[in-house]
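We count ligands from 1, going down the list as the structure has it; atoms in each ligand are counted the same way. Below, all heavy atoms of this structure are taken into account, side chains as well, without hydrogens, waters or symmetry copies.
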Amino acid sequence: PPPLSEMKEKNPWHTPATIIITVIFVIAIVALVTVAVLQNKPLPPKYKYGIVLDAGSSHTALYIYEWPAEKDNNTGRVEQTHSCKVKGPGISSYASSPLKAGESLKVCLQEAEQWVPNKRHQETPLYLGATAGMRLLNMENSLASDQVFQAVAATLQKSPFSFQGARILSGQEEGAYGWVTVNYLDDRLTQVCGLETTGALDLGGASTQISFVSSSYDGSESPSNSVSFRLYGNNYNLYTHSFLCYGKDQVLRLALAHLSQSGQSTVEDPCFHPNFTESKNYSVLYDSPCVSDRKPHGAPVAFTHKGTGNFSLCQQVLKNVFNFSHCPYSQCSFNGVFQPDLQGTFGAFSAYYFVMNFLNLTDTAIPLETVKEKLATYCSTPWPQITQQHKDVKLKYLAEYCFSGTYILTLLTEGYNFNSDSYSNIRFIKKIKGSDAGWTLGYMLNLTNMIPAEAPDTPPLPYAGYVSIVTIIALVLVIIFALCLYRFWPRCPKQPQII
Ligand SMILES: Nc1ccn([C@@H]2O[C@H](COP(=O)(O)OP(=O)(O)OP(=O)(O)O)[C@@H](O)[C@H]2O)c(=O)n1
Ligand SMILES: [Ca+2]
């Protein structure tokens, strides 16, 4: 019989041309898939940084923000990577020793040098914005406020960062940037069909801000309360107001001034716990432009501040710090300030959060009446019992939570006209997705032009979608090719049986 090898038919596919074509085809498919997969691998992250110092009335804090370098102009998310609380009081407290205001910032600035990579230091913008404490100092003693700014600017200039200036924010800016921050972090600005925005409530030591969009407000009534934005292709007409002297520390002065009108030596205060007593100086109490014109004549040097712990009396006292007697507009909040109808949800941060969080009252699903009852019980608890139960809390803060909680409820209901229904639209918040709620982020986004007026153009497919489709098409081609080979590749004829 002939040798087996000679029995094989000559295979027509085994020509050099078909083999080369097959190899090229397979290489091309493998290359296509590899490129698609490699393209989709995240690039080594490159970040840019920005630093904002919030020089508040009661303290200064430094915030570091970071964002992907490639996408800074449109959809790149800016995140807070670090914050540093400056030791000591707010810069406005250094009026008599301005250099110390500059000194006080050094520790946090050095910390920032560790958090921002060295090679980025020079290009990292550094801003300082001062709020109500410096507004008050500037009203009271503009020379002293200039000196504080000089000292602070000198320190910031010496840092390796790119110092962009230190200034006082207007109340409108403070309110509007707080609103931008909350809505940016909540992703409410990039929505194409204009998802409802959320209002912002900020309670500081010396001023308080309310900002929201109301469909009943076009800015024509009381234009000074109107701020217009065009962000990501949407127009916003924001109502905002900042009440100077209505932060919690200044309202405490207003309330005490109301209670001590006759210059008595013992001032009974329903906003402090029973058995709480503290000696205070009249001159210190009245040392603020918010109350300086009310100092009683012939008052003694000091007085005893004595708590009586009565929530409803405290509420009466606090109602007295608001003036409801005149309203030159169609409707007002208080002190003759226009306010349109409340609308939508509200994020309430800074002291709103500190206080309500301490009181375990951040859950606004709790009916307003129950909140008041709980607060009334807390206020009537004697001071020694309170200090026993909260040994880890700073005494100055601890003494004031009954007062502050009552002020917050009075401000919201009597001042801004929240009722038992709309109260549940408030969310007491500290952070959103890791970044602190406050004006600083909105301020930086604005000054670095990070929020475009128009929505950025987006490719028809998201990147991952594009890669997936290319990969799937490549796989389908491979399978079809394999099936063709299988179908048309001539099989070996059955070997003849050798008997
Ligand atoms: N754990 C805390 C921290 C702060 N506070 C109080 O909260 C108030 C406001 O703090 P903050 O929002 O930091 O005010 P500032 O920014 O300093 O003041 P402003 O915005 O008015 O300039 C201050 O009275 C402070 O004593 C508090 O009760 N509990
Ligand atoms: Ca503040």
Side-chain angles (χ1 to χ4, degrees), residues 52-63 83-94 101 104-105 128-139 145 148 166-179 181-182 200-211 240-256 271-272 288-290 347-362 378 386 390 392-408 411 428-431 436-443:
V52 185
L53 282 148
D54 171 357
S57 64
S58 68
H59 79 293
T60 302
L62 177 148
Y63 297 96
S83 70
C84 174
K85 195 176 177 308
V86 170
K87 253 193 138 155
I91 57 168
S92 55
S93 306
Y94 293 101
S104 72
L105 308 180
L128 180 140
T131 51
M134 287 302 284
R135 267 176 230 143
L136 291 174
L137 179 62
N138 190 43
M139 283 165 57
S145 102
V148 168
R167 55 181 285 267
I168 300 182
L169 266 70
S170 70
Q172 282 101 321
E173 288 179 287
E174 193 181 2
Y177 292 133
W179 181 90
T181 300
V182 172
L201 296 165
D202 182 358
L203 178 59
S207 77
T208 188
Q209 287 72 241
I210 177 167
S211 315
T240 183
H241 191 79
S242 173
F243 290 91
L244 189 60
C245 297
Y246 286 80
K248 65 173 273 286
D249 301 332
Q250 293 301 326
V251 167
L252 183 57
R253 290 179 194 258
L254 290 174
L256 268 176
C271 302
F272 284 72
S288 149
C290 299
F349 45 88
S350 51
Y352 280 111
Y353 179 84
F354 303 144
V355 172
M356 297 308 259
N357 182 53
F358 172 85
L359 295 167
N360 270 331
L361 292 173
T362 50
Y378 176 74
I386 298 285
H390 303 281
D392 50 336
V393 182
K394 245 170 131 172
L395 279 184
K396 182 189 145 25
Y397 290 161
L398 190 59
E400 293 179 1
Y401 285 123
C402 161
F403 160 81
S404 308
T406 315
Y407 174 54
I408 285 173
L411 175 64
F428 293 103
I429 46 169
K430 178 171 166 59
K431 290 188 174 209
D436 279 270
W439 57 263
T440 50
L441 176 55
Y443 187 63

Peer 1: Judged by atom type as modelled, is there a donor-acceptor pair below 3.5 Å linking the side chain of Arg135 to the main-chain atoms of Ala130?
Peer 2: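 Answer holds: no.
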Peer 1: Mind checking what makes side chain to side chain donor-acceptor pair (under 3.5 Å) contact with Ser242, not counting sequence neighbours?
Peer 2: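 Ser242: side chain to side chain donor-acceptor pair (under 3.5 Å) contacts with Gln209.
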Peer 1: For Ser92, check side chain to side chain donor-acceptor pair (under 3.5 Å) against everything at least two apart and list the hits.
Peer 2: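 Side chain to side chain donor-acceptor pair (under 3.5 Å) list for Ser92, sorted by chain: empty.
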Peer 1: I need the contact residues for ligand 1: any residue with a non-hydrogen atom closer than 4.0 Å to the ligand, ordered by chain then number.
Peer 2: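 Correct list: Gly56, Ser57, Ser58, His59, Thr131, Ala132, Glu174, Leu203, Gly204, Gly205, Ala206, Ser207, Lys248, Asp249, Ser350, Ala351, Phe354, Tyr397, Tyr401.
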Peer 1: Would you call the rings of Trp439 and Tyr443 parallel, tilted or perpendicular, where under 30° means parallel and over 60° means perpendicular?
Peer 2: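 Judged by the thresholds at 30° and 60°, the geometry between Trp439 and Tyr443 is perpendicular.
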Peer 1: Which residues pass the salt bridge (Lys or Arg N to Asp or Glu O under 4.0 Å) test with Lys394, not counting sequence neighbours?
Peer 2: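 Not a single residue meets the salt bridge (Lys or Arg N to Asp or Glu O under 4.0 Å) criterion with Lys394.
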Peer 1: May I ask you to decide if Asp202's main-chain N or O and Thr208's side chain share a donor-acceptor pair within less than 3.5 Å?
Peer 2: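 The answer is yes, because a donor-acceptor pair under 3.5 Å joins these two groups.
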